[in-house]
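Read through the structure below, which is laid out as structure tokens, and then see the notes.
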Protein chains: 2
Amino acid sequence: MFTLAEENYLKAIYHLEFKFQGEVSTNAIAEKLEAKASSVTDMVQKLAEKSLVSYTKYKGTHLTPEGRKIAAKVVRKHRLWEVFLVDKLDFQWDEVHEIAEQLEHIKSDELIVRLDKFLGSPKFDPHGDPIPDQQGNIKNTKKRLLAEVENKQRGICVGVKESSADYLRYLDKKKIGIGSEITVVSKEYFDGSMIIEVGPKQFSISKKIAENLYVQVN
Amino acid sequence: MFTLAEENYLKAIYHLEFKFQGEVSTNAIAEKLEAKASSVTDMVQKLAEKSLVSYTKYKGTHLTPEGRKIAAKVVRKHRLWEVFLVDKLDFQWDEVHEIAEQLEHIKSDELIVRLDKFLGSPKFDPHGDPIPDQQGNIKNTKKRLLAEVENKQRGICVGVKESSADYLRYLDKKKIGIGSEITVVSKEYFDGSMIIEVGPKQFSISKKIAENLYVQVN
DNA sequence: CCTAATTTTTAGTCTAGTCTAAAAATAGTA
DNA sequence: TACTATTTTTAGACTAGACTAAAAATTAGG
Ligand SMILES: [Mn+2]
Ligand SMILES: [Mn+2]
Ligand SMILES: [Mn+2]
Ligand SMILES: [Mn+2]
């Protein structure tokens with residue numbers, strides 16, 4: 001069994017490895033966990049001792065297969081609980097992350113199995129992020145950022161890059177959610193803003209918004 | 001906010017106060033939490049500092065209204081989660097306690113409100129124990145031990161005193177659960193055993209079994 | 001290629017929560 | 001009451017996990 005702190009470190013490294021596609025720096029972990037670099041050095045050394053990460057001084061850290069398995073399991077639990085909170089308890093998608101941060105550490109394999117079944121074995125969480133299966137494999141979709149979509153093309157919203165409550169609430173206000181059909185009406189190359197069509201409405205969104213929304217375009 | 005350890009101490013004191021109807025000794029807490037008495041002294045002093053318990057050296061500890069409120073909330077969460085696990089995830093009633101020990105520490109008032117609603121605001125957990133309401137009040141029923149029921153009387157099973165997995169599985173095997181109608185057919189005064197009728201069957205149970213089952217007799 | 005800025009690690013300290021061993025207080029009994 | 005057994009508290013030590021400050025290594029720019 002692993003401690004809460006260990007699980008959080010492994011999860012952070014998991015996400016950072018995915019983001020940077022490689023070795024993870026001490027500072028990157030520190031920033032993600034809002035901790036000091038010295039604390040991170042301490043912990044990765046302990047994790048290396050337990051063969052959960054491989055770590056070379058000054059070079060960086062990455063997960064071993066064992067560490068990756070544990071991290072993926074925590075992510076699986078996090079996302080399953082988020083589905084539970086939204087689908088069963090009627091939370092809004094911007095309200096669930098903090099609670100899932102706690103629930104992801106509940107230890108019981110049987111619980112995950114039953115929760116998964118209860119939820120109908122969902123493949124994506126409320127933010128469109130894929131839920132790893134029991135083996136830790138994730139289904140990777142060929143999504144892209146809305147900002148990269150060409151004029152006149154249409155895509156289906158499949159996820160968000162950042163999921164701050166502020167951002168998610170903005171999307172709610174604009175009636176954009178997972179599954180929404182979004183058409184790029186025109187793009188302003190000066191500031192990266194674009195006019196999009198969602199349902200019956202057309203409106204303008206800023207570059208920042210478009211850079212944080214994933215869509216799937218066929 | 002309170003730490004996991006603090007919540008566990010408060011909950012233990014809450015249960016012990018109820019059991020002994022008064023001041024709780026350091027040793028009693030130590031035994032319940034499987035900790036050493038010296039650790040308990042340490043913690044109750046800290047809790048007293050925070051006005052969650054009142055404590056007098058060598059005399060004992062009891063909850064302040066504030067401490068009682070927190071403890072009741074933890075118990076409420078524990079029992080609501082047990083209902084969730086049994087009613088929604090189809091766990092058996094002997095499998096849920098350990099998981100609820102973890103879930104009871106999840107911090108989110110909104111979560112409790114929604115979970116309670118989702119479950120239909122249950123008043124009792126799967127073991128027949130009352131679920132405190134938001135204010136921490138519990139509905140106290142006039143239940144009694146099956147061992148104290150007179151010959152030829154009939155009662156409805158409303159709870160168990162001990163809820164070890166072994167005991168609960170024994171009851172399952174005998175098809176005794178919350179809501180079962182139990183009639184005392186005859187009592188053997190030599191060893192305290194009794195013959196009871198449950199549904200279509202009559203069989204003998206030992207004194208130990210009868211002393212751990214609560215029934216309501218009108 | 002050398003120096004300066006940045007990153008990372010080490011050394012030392014702190015808190016929460018636990019323990020053991022010893023001391024102190026209380027309770028039980030002759 | 002006096003002695004003993006039990007309970008409780010204190011003193012001191014330990015671990016996990018965090019931090020600050022300083023040292024060491026790496027990277028970047030001229
Ligand atoms: Mn999340
Ligand atoms: Mn998510
Ligand atoms: Mn329980
Ligand atoms: Mn219970």
Side-chain angles (χ1 to χ4, degrees), chain A residues 1-14 16-17 19-20 22-63 67 70-71 74 101-102 104-107, chain B residues 1-14 16-17 19-20 22-63 67 70-71 74 101-102 104-107:
Chain A
M1 280 309 136
F2 303 94
T3 67
L4 189 135
E6 286 170 336
E7 288 191 344
N8 281 336
Y9 272 90
L10 292 173
K11 185 177 60 144
I13 297 166
Y14 177 90
L16 292 168
E17 254 183 24
K19 182 172 177 185
F20 297 125
E23 215 78 356
V24 177
S25 76
T26 298
N27 262 2
I29 300 170
E31 190 179 5
K32 174 139 248 187
L33 292 175
E34 299 180 274
K36 300 298 170 181
S38 54
S39 310
V40 173
T41 300
D42 236 49
M43 182 57 101
V44 296
Q45 286 174 348
K46 286 177 198 161
L47 293 174
E49 198 55 47
K50 296 184 179 185
S51 303
L52 298 172
V53 303
S54 93
Y55 160 73
T56 353
K57 267 192 188 181
Y58 296 104
K59 293 296 289 294
T61 304
H62 69 91
L63 295 171
I70 295 157
V74 174
E101 286 288 309
Q102 300 178 62
E104 71 190 4
H105 301 290
I106 302 294
K107 281 161 187 58
Chain B
M1 280 308 137
F2 302 94
T3 67
L4 189 135
E6 286 171 336
E7 288 190 344
N8 281 335
Y9 272 90
L10 292 173
K11 185 178 60 144
I13 298 166
Y14 177 90
L16 291 168
E17 254 183 24
K19 182 172 177 186
F20 297 126
E23 214 78 356
V24 177
S25 76
T26 299
N27 262 3
I29 300 170
E31 190 179 3
K32 174 138 248 187
L33 293 175
E34 300 181 271
K36 299 298 170 183
S38 54
S39 309
V40 174
T41 300
D42 235 50
M43 182 56 101
V44 296
Q45 286 173 349
K46 285 177 197 160
L47 293 174
E49 198 55 48
K50 296 184 180 183
S51 302
L52 298 173
V53 303
S54 94
Y55 160 74
T56 354
K57 264 191 192 180
Y58 296 103
K59 294 295 289 293
T61 303
H62 69 93
L63 296 170
I70 295 157
V74 174
E101 285 289 307
Q102 299 178 59
E104 70 190 4
H105 301 291
I106 301 294
K107 282 161 185 57

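Just so it is clear: chains get the letters A, B, ... in the order the sequence lines come, proteins before strands, and each one is counted from 1.
Scored by the salt bridge (charged side-chain N to carboxylate O under 4.0 Å, His left out) test, Lys11(B) finds Glu101(B), Glu104(B) as partners (sequence neighbours excluded). Every residue two or more places apart in sequence or in another chain that forms a side chain to side chain contact (heavy atoms under 4.5 Å, CB included) with Phe20(A) is listed here: Leu16(A), Ala28(A). The side chain to side chain contact (heavy atoms under 4.5 Å, CB included) check on Asp42(A) picks up Lys46(A), with sequence neighbours excluded. With sequence neighbours left out, Ser51(B) forms a side-chain hydrogen bond (donor to acceptor under 3.5 Å, both in side chains) with no residue at all. In terms of the side-chain hydrogen bond (donor to acceptor under 3.5 Å, both in side chains) criterion, residue partners of Glu17(B) (sequence neighbours excluded) are, by chain and number, Arg68(B). Annotation: salt bridge (charged side-chain N to carboxylate O under 4.0 Å, His left out) contacts of Glu31(A) (sequence neighbours excluded): none. With sequence neighbours excluded, the residues satisfying side-chain hydrogen bond (donor to acceptor under 3.5 Å, both in side chains) with His105(A) are Glu7(A), Asn8(A).
Across the protein-nucleic acid pair, Leu47(B) atom CG and dA16(C) atom C1' stand 12 Å apart, rounded to whole Å. The distance between atom CD of Gln45(B) and atom P of dT15(C), rounded to the nearest whole Å, is 17 Å. The nearest whole Å value for the distance from the NZ atom in Lys59(A) to the C1' atom in dA24(D) is 17 Å.
OP1 or OP2 of dT8(D) lies within a sub-4.0 Å distance of a side-chain N or O belonging to Asn27(B). Contact annotation: Lys57(B) does not reach the phosphate of dT26(C) (side-chain N/O to OP1 or OP2, under 4.0 Å).
Val53(A) approaches Val44(A) most closely through the heavy-atom pair CG2-O, 3.7 Å. Heavy-atom minimum distance, Lys36(A) versus Ala30(A): C-CB, 4.0 Å.
Residue contacts for Thr41(A): at a heavy-atom cut-off of 4.0 Å it reaches a base atom on one of the strands shown.
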*Using a 4.0 Å cut-off on protein heavy atoms (strictly under), produce a 5'-to-3' string for nucleotides 14-19 of chain D with B for base contact, S for backbone-only sugar-phosphate contact, and - for none.*
---BSB
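Put simply, the side chain of Val74(A) does not reach to within 4.5 Å of the side chain of Tyr14(A), judged on heavy atoms.
Atom OH of residue Tyr55(A) and atom OG1 of residue Thr26(A) lie 5.5 Å apart, to the nearest 0.5 angstrom.
Using a 4.0 Å cut-off on heavy atoms, the residues of residues 49-56 of chain A that approach DNA chain C are Tyr55(A), listed by number.
Other residues, nucleotides and ligands contribute only 12 or fewer heavy atoms inside 6.0 Å of the NZ atom of Lys19(A).
End-to-end axis angle for the helix from dC1(C)-dG30(D) to dA30(C)-dT1(D), using five pairs per end and rounding to 10°, comes out at 0°.
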When you compare the protein's N or O atoms with those of nucleotides 22-25 of chain C, which come within less than 3.5 Å of each other, and at what distance?
residue, atom, partner, partner atom, Å
dA25(C), O4', Tyr58(B), OH, 3.4

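The list of salt bridge (Lys or Arg N to Asp or Glu O under 4.0 Å) pairs with a residue in residues 50-60 of chain A, not counting sequence neighbours, reads Glu6(A)-Lys50(A).
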